[in-house]
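Just passing along the structure, written as structure tokens.
These numbers come from the heavy atoms of this one structure, side chains and all, not from hydrogens, waters or symmetry mates. Chain A is the first sequence line, chain B the second, and so forth, proteins listed ahead of strands; every chain is numbered from 1.
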2 protein chains.
Amino acid sequence: MSLDSIKPSRGRPKTLDRDHILDVAMNSYWKENIANLSLNEICRRSGVSKPGLYREFSNEDGLMKAVLIRYQEQVLGPVQQMLNSDVPFREALDNLISFAASVSCHDESPNGCLFIKMRESRTHLGEATRAQVDFLEEQGLVTFQKWVERSKAKGEFSAEMSSEFAATYIDAQLSNASSQVARGEDPQMVQKILVAALSILK
Amino acid sequence: MSLDSIKPSRGRPKTLDRDHILDVAMNSYWKENIANLSLNEICRRSGVSKPGLYREFSNEDGLMKAVLIRYQEQVLGPVQQMLNSDVPFREALDNLISFAASVSCHDESPNGCLFIKMRESRTHLGEATRAQVDFLEEQGLVTFQKWVERSKAKGEFSAEMSSEFAATYIDAQLSNASSQVARGEDPQMVQKILVAALSILK
DNA sequence: CGCTTATTGTACCGCCTGGTACTTAATTAG
DNA sequence: CTAATTAAGTACCAGGCGGTACAATAAGCG
């Protein structure tokens with residue numbers, strides 16, 4: 001359902017398409033500089049009036065939080081699911097590397113991971129969005145750590161380092177790769193760097 | 001000389017202190033989000049009127065370029081000089097690591113390397129500043145590459161990788177470290193990650 | 001039909017931005 | 001002392017921002 005779940009029987013019918021707005025906003029934030037993208041612009045692009053957008057999302061902070069949640073559901077979720085599955089460590093790592101070295105919304109100028117972009121812009125996010133970023137960061141670290149622990153148990157991860165540090169290290173390297181892609185570096189070079197950096201996990 | 005080099009013999013004497021403005025601007029850009037810092041704010045902080053600032057630097061782009069040049073002279077220069085000297089590779093690498101894991105202007109909330117911050121915000125820099133960023137990036141890569149080549153010749157660098165890739169890799173890891181520091185990560189953890197990532201250079 | 005309810009968009013608000021026209025102040029040359 | 005020269009800052013500009021008051025619109029209910 002693209003419109004609101006509960007439809008009141010009276011009053012003017014809702015025509016505002018929440019999902020469409022979120023799509024437009026997500027792709028906009030994703031492929032452009034977050035700080036340079038105004039609410040006005042998102043209204044223009046999604047064909048919705050400003051009060052309409054405010055009625056649905058309260059304010060800019062609310063919209064960005066909603067966008068981030070959507071991104072988690074649509075993009076990050078599948079990756080985390082892969083890490084939680086019983087895919088062999090090396091294979092999962094390879095998947096992770098190709099994912100990070102090439103994340104982009106569509107054919108347009110690729111721009112890394114939206115979550116990481118937001119984390120980089122942390123300082124000028126609204127309260128709610130910042131809290132969501134923190135939540136996703138923690139969730140990501142936990143996912144990595146458990147993944148490493150399970151891999152250790154399976155004997156597929158033998159590097160001598162704590163699972164906690166490994167998780168932090170992986171997070172840092174993926175973050176770095178995303179930044180590079182966003183900056184316009186050649187994805188192949190980004191991947192090469194990532195492979196080199198993650199080669200210490202063996 | 002803090003005031004302009006050539007003093008015309010006639011007319012009202014100049015009181016505008018270029019160096020002071022650059023100091024204020026550099027520290028401001030350094031420890032705060034570049035995108036959130038307006039020219040008005042810099043005028044307020046440096047006690048100069050807006051037309052005064054425009055007369056000296058033409059526009060925001062000119063100011064940021066001047067700031068970046070100053071940063072290169074005051075901060076990056078000494079580091080590059082160290083890499084161009086005959087300090088043993090390991091020692092130079094250690095210096096580089098401590099530098100990157102702790103760069104901050106003063107006691108205030110540390111914020112990584114200004115050059116790298118600017119490179120991250122590349123998209124919303126002015127033309128002149130962006131060109132300067134590109135120039136410094138290239139200069140940095142060349143410095144790293146020559147350093148690696150000299151170290152290879154001295155037998156202090158034996159990892160099997162091209163000097164060009166090594167330079168790119170070092171740049172990427174330092175950049176990553178700076179981002180983390182700027183994001184507020186614990187400098188000790190940043191250093192630990194950096195040591196791990198650069199451990200492949202041996 | 002009119003009343004209520006819910007949703008719409010126009011047209012505005014105050015604020016801040018980068019940038020500038022213009023008057024005033026401070027100095028030297030004649 | 002006056003004129004010329006140079007630099008200073010006040011006070012403004014258009015434009016964009018996040019955010020909102022409010023009237024118009026479209027449905028169901030009686």
Side-chain angles (χ1 to χ4, degrees), chain A residues 1-21 24-25 28-29 32-67 121 123-130, chain B residues 1-21 24-25 28-29 32-67 121 123-130:
Chain A
M1 294 305 146
S2 88
L3 300 184
D4 251 356
S5 35
I6 298 164
K7 181 193 225 164
S9 56
R10 315 208 308 175
R12 181 171 177 170
K14 195 167 193 170
T15 61
L16 181 142
D17 188 343
R18 190 178 212 268
D19 279 358
H20 173 64
I21 298 176
V24 170
S28 299
Y29 284 134
E32 285 157 57
N33 192 314
I34 294 178
N36 285 3
L37 196 65
S38 70
L39 268 188
N40 287 306
E41 186 57 30
I42 290 173
C43 288
R44 255 167 256 141
R45 294 184 188 182
S46 58
V48 177
S49 72
K50 213 162 16 161
L53 204 146
Y54 275 86
R55 246 171 270 125
E56 189 67 27
F57 300 102
S58 300
N59 52 35
E60 194 171 28
D61 194 20
L63 173 65
M64 290 190 59
K65 178 179 173 180
V67 164
S121 324
T123 51
H124 67 77
L125 298 178
E127 247 186 297
T129 311
R130 194 158 53 232
Chain B
M1 293 303 149
S2 88
L3 299 186
D4 251 357
S5 33
I6 298 164
K7 182 191 224 163
S9 56
R10 315 208 305 173
R12 180 171 177 170
K14 195 169 193 169
T15 60
L16 181 141
D17 188 343
R18 191 178 211 270
D19 279 358
H20 173 63
I21 298 177
V24 170
S28 298
Y29 284 133
E32 284 156 59
N33 193 314
I34 294 176
N36 286 3
L37 197 65
S38 71
L39 268 188
N40 288 308
E41 185 58 30
I42 291 173
C43 288
R44 255 167 255 141
R45 295 186 189 181
S46 58
V48 178
S49 72
K50 211 161 17 160
L53 203 146
Y54 274 87
R55 245 172 270 125
E56 188 68 27
F57 300 101
S58 301
N59 51 35
E60 193 172 30
D61 194 20
L63 173 65
M64 288 190 59
K65 178 179 175 180
V67 164
S121 325
T123 51
H124 66 79
L125 298 178
E127 247 186 297
T129 312
R130 194 159 53 231

dG19(C) base / Lys50(B) side chain donor-acceptor hit below 3.5 Å: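 Result: at least one qualifying N/O pair found.
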
Taking only side-chain nitrogens and oxygens of Thr15(B), does any of them come within less than 4.0 Å of OP1 or OP2 of dA8(D)?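 For dA8(D), OP1/OP2 do have a side-chain N/O of Thr15(B) under 4.0 Å.
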
Closer to the 5' end of DNA chain D via nearest nucleotide, is it Arg12(B) or Ser58(A)?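 With Arg12(B) and Ser58(A) compared, the 5'-side residue is Arg12(B).
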
Taking 4.0 angstrom as the limit, do Arg45(A) and Glu32(A) come out as a salt bridge?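 Glu32(A) and Arg45(A): salt-bridged.
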
Report yes if a side-chain nitrogen or oxygen of Asn40(B) is closer than 4.0 Å to either non-bridging phosphate oxygen (OP1 or OP2) of dT17(C); otherwise report no.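 So the side-chain polar atoms of Asn40(B) do come within 4.0 Å of the phosphate oxygens OP1 or OP2 of dT17(C), strictly under.
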
Could you state the atom-to-atom distance from CG of Asp61(B) to P of dT17(C) in whole Å?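 After rounding, the gap between these two atoms is 18 Å.
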
Rounded to the nearest Å, what distance is computed from the OH atom of residue Tyr54(B) to the C1' atom of nucleotide dT17(C)?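 The answer, rounded to whole Å, is 9 Å.
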
Rounded off to whole Å, could you give me the NE2-to-C1' distance for the His124(A) and dC17(D) pair?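 Spelled out: NE2 on His124(A) to C1' on dC17(D) is 14 Å.
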
Quick check on dT17(C): is either OP1 or OP2 less than 4.0 Å from any side-chain nitrogen or oxygen of Ser38(B)?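 Yes, because at least one side-chain N or O of Ser38(B) sits under 4.0 Å from OP1 or OP2 of dT17(C).
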
Taking the nucleotide of DNA chain C with the closest heavy atom to each, which residue, Arg55(A) or Glu41(B), is nearer the 5' end?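 Looking at DNA chain C, the more 5' nearest nucleotide goes with Arg55(A).
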
Rounding to a whole Å, what distance do you find between Leu39(B):CG and dG9(D):P?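 About 15 Å, once rounded to whole Å.
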
Rounding to an integer number of Å, can you tell me how far Lys14(A) NZ sits from dA26(D) P?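 In whole Å, dA26(D) P lies 18 Å from Lys14(A) NZ.
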
Salt bridge present between Glu60(B) and Lys65(B) (N-O < 4.0 angstrom):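 Not counted as a salt bridge, because no side-chain N and carboxylate O are separated by less than 4.0 Å.
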
Taking N and O atoms by type only, does the side chain of Arg10(B) place a donor or acceptor under 3.5 Å from a partner on the base of dG30(C)?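 No such pair is found, so the answer is no.
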
Mark yes or no for whether Thr129(B), through its side chain, and Asp61(B), through its backbone, hold a donor-acceptor pair below 3.5 Å.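 Yes, the answer is positive, given that a donor and an acceptor are paired below the 3.5 Å cut-off.
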
Once rounded to the nearest 0.5 Å, what's the spacing between atom CZ of Arg130(B) and atom OG of Ser121(B)?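 Those atoms lie 12.0 Å apart.
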
By the 4.0 Å heavy-atom rule, please label Pro13(A) as base, sugar-phosphate, or nothing.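 Sugar-phosphate: the residue Pro13(A), judged by heavy atoms under 4.0 Å, touches backbone atoms but no base.
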
Using heavy-atom distances to pick each residue's nearest nucleotide on DNA chain C, tell me which of Asn59(B) and Gly11(B) is more 5'.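 Nearest nucleotide further toward 5': that of Asn59(B).
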
Between P on dT7(C) and CG on Leu53(A), what's the gap in Å once rounded to a whole number?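 Taking CG of Leu53(A) and P of dT7(C), I get 15 Å after rounding.
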
